[in-house]
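Inspection log for the structure reproduced underneath, given as structure tokens.
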Amino acid sequence: MEEWTKEEAERVYNIPTWGEGYFDINAQGDLIVKYNEKIKPINIREVVGEMKSQGVHFPAVIRFHDVLRSQVIKINKTFGEVIDEAKFNGKYCGVYPVKVNQMREVVEEIVDAGEEYNYGLEAGSKPELLSALAYNTNREALTVLNGYKDEDYLRLALYGRQLGRKVIVVIEKYSELPKLLKLSKEMQVKPLIGLRGKMSVKSRGRWAKSTGDRAKFGLSISEMIKAVNLMKKEGLSDCVKLFHFHIGSQISDIRTFKEAISEGARIFTQLYKMGCHLEYFDAGGGLGIDYDGTRSTSDSSVNYTLVEYVSDIVYGLKQICDLESVPHPNIVTESGRAITAHHSLVITNVIDQINVKQPNHDTTQREDEHHLIKNMREMHRWDMVEDNFQEIYNEAIQIKDQALGAFNLGVISLEDRAIIETLYWQIIERLQKLCKTLEFVPEELHDLEESLAPQYLCNFSVFQSAADHWAIDQLLPVVPISRLNEKPNVECSIADITCDSDGIIKKFINKDGISKTMAIHEIREEEEYLVGMFLTGAYQDVMGDMHNLFGRLHEVHVYGDNDDPQGFYIEEIIKGNTASAVLSTMQYNPEYMAQKMKKNVSKIVSEGKLPPRQGVKLVDFYEDCLTSYTYLRS
Ligand SMILES: *Cc1c(COP(=O)(O)O)cnc(C)c1O
């Protein structure tokens, strides 16, 4: 084994950049989680050991709740510091958008960590509002309501007001306003109202459709004026409290924010001067994550830091308010991704390897070989050098194609084909080695490395655990959790266990940027090789689907504890879906299925085709599988 330094490992997997300081490598080459100087680091391998001793198998989600808390504190502190430094008169009143990760434990942890900052919640649908009403009981914290609303949604919001909560209904569509006013008269509750602006700033990248004239949400300038006039006419202009915009998620270029803040601040000050004494400026979500660690404007990265983002909002807003002589409002942001992405990871094991190259058939020369074999041998005998490799490559490909044709016509045997293909792969292997030493490699051989990379088969489903990777090409860091003091000498890609050819990870961080393969270790016999998929805490955590009926993963919730010998404890285990649970969601009745199996087995037994003892075993095993985890037992 070749020694490897921590710096080399960090460079290949880009850990310091995407990790936000939460991940590190210890002297034994294990990946560790660290929060701050006060809490002892946690070794992920040790968490896995404890998980397994408690009967939790792969794949599993590990949640580090301290990371979640730490992110909540970080955003609140940063806003606090920048606001003080800028002598800005408003406060920061952030909210967490529930849709980014609706898990109760996640919402509870965020509300708890944010309590001292009066950090609130944002809801975008009725069920989310139901959860916000139950969990955001802090009367100083905001509950911001977005999304299209029916009468029930609005009624719930007004009940929230009756409970003394700061529930702000953001008007996404003009028609919601008269509905809300009618209901508030009927219930005799004064609403708190927000207006969402349709921004014209061009958001770049994937969420570009969130802005512009054809954006789905928000009021145009003329609709906003109409809304303000209506409120004035009703004598309710003091109910309009908040101006809101949201220009999309994962904004990778800071300039997009700068432009949105200018436009938003101008609209805000104008509305103020029209007589709506707004108290809150809500800049929505969009704070991005550096998934690939490149600090760039690529779709999976960001070219700014949290402090830069916060400064742009605070200073940008202050400047325009001061110019327009409008008092500084309180600032709201609705960051979801940046709060939750880092706290969870999916851990799984490599169960097998799929190789493209198969140089293992016996190629000893026999008498009377078919001329195609002879031709391939000829190529194989050539000494491959810079001058002839292209010719050998072209020739070898042609012979391999001819051999396939000959095989399909019944001219050569299975044995012949195996010899030809083995020789071919040996030639390709030599070619690959040669290409690595060359300065100039022809275009068609560029992808040779990638196309020859083995696939490591991992026990998980891309559709369940990396939905964003599959659907929108979001890059997720994939890193082995141990042996990081050892040089990884295999380039491979990762496939899941679904029977879908889309079930692969096709984009990795690599030392030269982004590539289709990742550096990984050769797997030793009898070794359990574990890889973690990181930054899965936002969106994909809750977006998994039922593809192949794999369902939700086991989950463990980890807290740091300095008094514990290992520095952590597992506070909760949530078991993933059993086969019968996922079958039930598809309208199957597992009990009935078991009965049906039993009846069928009895019939076969009574016909004398199966010994009764075997029959009982079969039924027991069927029932055992129904109540077991859907993923591979390993
Ligand atoms: C989705 C959403 C958010 C969260 O955005 P992030 O980019 O995850 O911070 C905030 N506000 C609204 C209105 C949203 O729809």
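Just so you know, ligand 1 is whichever comes first in the structure, and atom 1 is the first atom listed for that ligand. These numbers were taken from a predicted model, which means no experiment stands behind them.
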request  = Just jot down the ligand 1 atoms closer than 4.0 angstrom to any heavy atom of Glu122, in number order.
outcome  = 12 (C), 13 (C)
query = Where does Tyr539 meet ligand 1, judged by heavy-atom distances below 4.0 Å: at the side chain, the backbone, both, or neither?
reply = side chain
inquiry  = Treating Gln474 as the side-chain partner and Ser300 as the backbone partner, does any N or O pair qualify as donor plus acceptor under 3.5 Å?
reply    = no
key: ligand 1 atoms in contact with Val100 (distance to a heavy atom under 4.0 Å)   = 8 (O)
key: Ala341, Gly248, Ser249: member with heavy atom nearest to atom 6 (P) of ligand 1   = Ser249
query = Is a salt bridge present between Lys179 and Glu151, judged by a nitrogen-to-oxygen distance below 4.0 Å?
reply = no
ask   = Out of curiosity, is Gly124 lining ligand 1, as in a heavy atom under 4.0 Å away?
value = no
ask   = Side chains of His342 and Glu20: do they bring a donor and an acceptor to under 3.5 Å?
value = no
request  = Mind checking the OH-CD spacing from Tyr135 to Glu108? Nearest 0.5 Å is all I need.
outcome  = 4.5 Å
message = Within ligand 1, which atoms have a heavy atom of Gly336 less than 4.0 Å away?
response = 6 (P), 8 (O), 9 (O)
query = Are any of the side-chain nitrogens in Arg266 or Glu324 under 4.0 Å away from the carboxylate oxygens of its partner?
reply = yes
Sub-4.0 Å atoms of ligand 1 with respect to non-hydrogen atoms of Ser335 = 9 (O)
task = Heavy-atom distances under 4.0 Å are what count here, so tell me which part of Glu334 touches ligand 1: side chain, backbone, both or neither.
result = both
note = In ligand 1, the atoms that come under 4.0 Å of a heavy atom of Arg337 are 6 (P), 8 (O), 9 (O)
inquiry  = Students should be able to answer this: which protein heavy-atom is nearest to atom 14 (C) of ligand 1, and at what distance?
reply    = Lys99 NZ, 2.8 Å
